[in-house]
Amino acid sequence: MCGIVGHIGPKNSVDIVLEGLRRLEYRGYDSAGVSFIDEHDELQIYKKSGKLDNLKGLLEGKDFQARMCIGHTRWATHGEVNDTNSHPHMKDHISIVHNGIIENASLLRKELATGGYEFKSQTDSEVFLALLTRELAKKKSFKQAMLDSFALVEGNSAFVVLNKDVLEIMSIKKGAPLVCGINSVNSEAFISSDPYALAGMASQLYFPADNVLCHLSPKNKNLINFYDNKGNPSEDFMSKKQDMSVGPTDKGEFEHFMLKEIHEQPELIRSLTQFYFHGEGLESLLKAGEFVPSKFHMTACGTAYYAGLLIRDFLENYNKIPCSPELASEFRYRNPLLQKGESGLFISQSGETADTLAAQELCTENNIKTLSIVNVDGSTLFRNCNNNLLIRAGMEIGVASTKAFTQQALTGRLLSLALSKEVNEEASRVKLTAKFSLLAEKIDHLIARSEEIKDIAESIHNHKGFFYTGRGVYFPVALEGALKLKEIAYVHAEGYAAGELKHGPIAMIDEDMVNVALVGPELFEKTVSNIQEIKARKGVILSIGPKDHEELAELSDYYFGIDFDGLEELSPIYINVVNQLLAYYIAKYKGTDIDKPRNLAKSVTVE
């Protein structure tokens with residue numbers, strides 16, 4: 001969600017921070033701002049609601065030579081979207097940026113206001129600024145004031161503070177993403193909420209643990225020092241070389257990142273088995289298969305949750321391990337029964353999803369082993385889990401996830417193979433590799449037929465609502481298909497198990513409602529019967545199902561036939577690519593912002 005970038009060094013810090021913020025635009029935001037110390041040692045602040053270009057407009061024509069800067073892109077939580085509520089917030093000689101939510105902000109705000117602090121914004125973020133101002137007024141050091149202020153706030157947050165009086169940046173976090181970096185050749189230090197912002201700039205990255213104070217100063221021997229919550233030197237962080245490139249920000253020949261990422265799927269699928277069966281991923285796959293739990297508590301949000309429903313089917317059908325899929329936002333609050341011998345399975349693209357991290361923490365507290373299926377190596381989820389399987393999707397820029405869903409589901413299938421111990425059998429590896437390759441080939445053929453899907457989208461894009469239906473293994477992708485359409489086209493869409501329509505939702509069906517019927521070879525007759533029920537009530541039928549099927553073609557107003565042969569359990573992943581392209585083209589005809597849909601963020605780092 002919100003993005004943070006900070007820099008100290010001999011180069012113009014404002015330019016570097018603006019470039020970092022540009023790279024984080026894909027996460028979703030509604031305002032942007034920077035604060036820096038200029039060549040006259042004055043603390044400056046510029047911020048503006050709207051896109052990053054609005055902020056750049058404020059800075060245009062000004063030749064600042066800043067050597068220290070912090071910046072922020074805000075996704076509003078507390079307080080409406082306006083210039084005042086935008087970050088950074090400044091008081092006297094300090095300015096701050098903040099990601100997360102201060103849960104006890106209302107109580108602290110009243111206390112601070114009674115003590116004489118005059119709040120300028122509606123944000124919870126300014127509460128930390130007020131606390132820090134109060135502690136510094138007691139003649140405490142910058143370090144001690146940071147630690148004492150942070151000890152008073154509740155909830156998951158990351159704070160980055162620029163102090164003009166000491167020419168330093170300090171940061172601290174709990175349950176929110178934060179990464180530091182250095183480029184020792186250029187004597188530069190960086191801080192951000194996302195390592196991607198530092199790609200090509202920092203050569204070494206540091207991922208601090210919760211409650212670790214990060215101290216960026218040109219006076220430090222190593223540019224960055226780390227301290228525990230008592231102020232003592234700390235080594236509670238993970239260090240790794242920066243190996244990320246900035247290439248994914250280029251759309252190439254594609255109009256949108258989402259379309260590019262749909263097209264990337266066949267090659268990613270082909271490379272997944274190579275990585276896990278013949279590359280460095282084999283060790284992690286074997287390790288994940290060593291512990292066979294009595295039950296999986298499978299937890300995720302949004303698209304990752306729907307991928308988890310497919311993974312549940314793999315694990316229950318092939319491994320006979322019970323799986324309890326849970327929405328991460330609900331998992332903790334129903335006091336789940338967590339017992340010895342069970343395992344938590346957590347699915348996330350970013351590895352920074354706040355609700356998923358909280359669910360993982362609960363399992364760890366209850367001595368339950370945890371495993372992640374995640375895209376970002378070094379993310380908080382990756383660091384916190386006992387074992388991890390990387391989905392190898394590469395950078396996903398489009399807010400509406402496409403290739404990550406496919407890679408999550410397929411990585412779950414690889415986990416199933418590992419748990420069955422068949423991963424040790426060459427014949428089993430060869431068979432699954434061939435099936436993955438077949439899926440990639442069939443998706444290539446689907447993409448080549450994009451014009452057919454585009455024509456259907458043009459015909460139906462103005463209808464008032466859409467019901468995606470599927471039975472059995474196709475129900476999860478009915479949910480995912482509807483979510484994609486809601487996310488990027490802003491139309492009413494719901495996913496339903498086809499047999500559930502008559503239990504209420506069928507009351508909504510009329511001549512302006514479209515049924516996107518996902519029809520696989522399994523439960524074919526029953527699914528067709530449900531389509532007949534909608535047809536009888538004048539619903540518009542778009543069937544996506546077995547190719548060259550006369551009955552299905554005659555029943556449907558629109559029919560897109562596909563070849564399921566040989567795919568078996570991977571069929572839902574295949575049919576979902578049609579959903580992705582359909583949502584993309586409907587959104588395009590409706591003229592929405594496909595890569596950056598309104599109100600959404602790529603990584604949801606607050607509950």
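The analysis underlying the following values was restricted to heavy atoms, covering all of them including side chains, and did not include hydrogens, waters or symmetry mates.
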Please determine, by modelled atom types, if [X] and [Y] share a side-chain donor-acceptor pair under 3.5 angstrom.
X    : Y    : result
T364 : Q360 : yes
H297 : E342 : yes
T527 : E525 : no
S348 : T353 : yes
T469 : N530 : no

Any chance [atom1] of [X] has more than 12 other-residue heavy atoms, nucleotides or ligands included, within less than 6.0 Å?
X    : atom1 : result
R392 : CZ    : no
K431 : NZ    : no
K174 : NZ    : no
E365 : CD    : yes
K538 : NZ    : no
K535 : NZ    : yes

With no hydrogens and no angle check, is any side-chain donor or acceptor of [X] less than 3.5 Å from a backbone partner on [Y]?
X    : Y    : value
E316 : C323 : yes
D557 : I541 : yes
N576 : P572 : no
K173 : L178 : no
N99  : C2   : yes
D313 : V473 : no
R537 : E533 : yes
R383 : G378 : yes
Y490 : R598 : yes
R429 : V423 : yes

Which heavy atom of [X] sits nearest a heavy atom of [Y], and at what distance?
X    : Y    : answer
I594 : I488 : O-CG2, 3.6 Å
C363 : F346 : SG-CZ, 3.7 Å
G175 : D210 : N-OD1, 3.0 Å

Scan Q265, K403, E261 and name whichever one has a side chain to side chain donor-acceptor pair (under 3.5 Å) with Q580.
Q265
Quick one: side chain to side chain donor-acceptor pair (under 3.5 Å) pairs with a partner in residues 299-310, sequence neighbours left out?
T303-E480, T303-K484
What verdict does the ring-ring contact (aromatic ring centres under 6.0 Å, His included) test give for H256 and Y584, after you've listed the backbone C-alpha separation in whole Å, the side-chain angles of each residue and the deciding distance to 0.1 Å?
CA-CA 9 Å; H256 296 96; Y584 173 80; 5.5 Å; yes
Using the rule given for side chain to side chain contact (heavy atoms under 4.5 Å, CB included), can you reason through L282 versus L286, listing the C-alpha separation, both sets of side-chain angles and the distance that settles it, and then say yes or no?
CA-CA 6 Å; L282 180 59; L286 293 173; 4.0 Å; yes
For A478, give me all partners under side-chain contact (heavy atoms from CB on, under 4.5 Å), at least two apart in sequence or on another chain.
Y468, L518
Quick one: are the ring centres of F254 and H263 less than 6.0 Å apart?
yes
F237-F207 aromatic ring centre distance below 6.0 Å
no
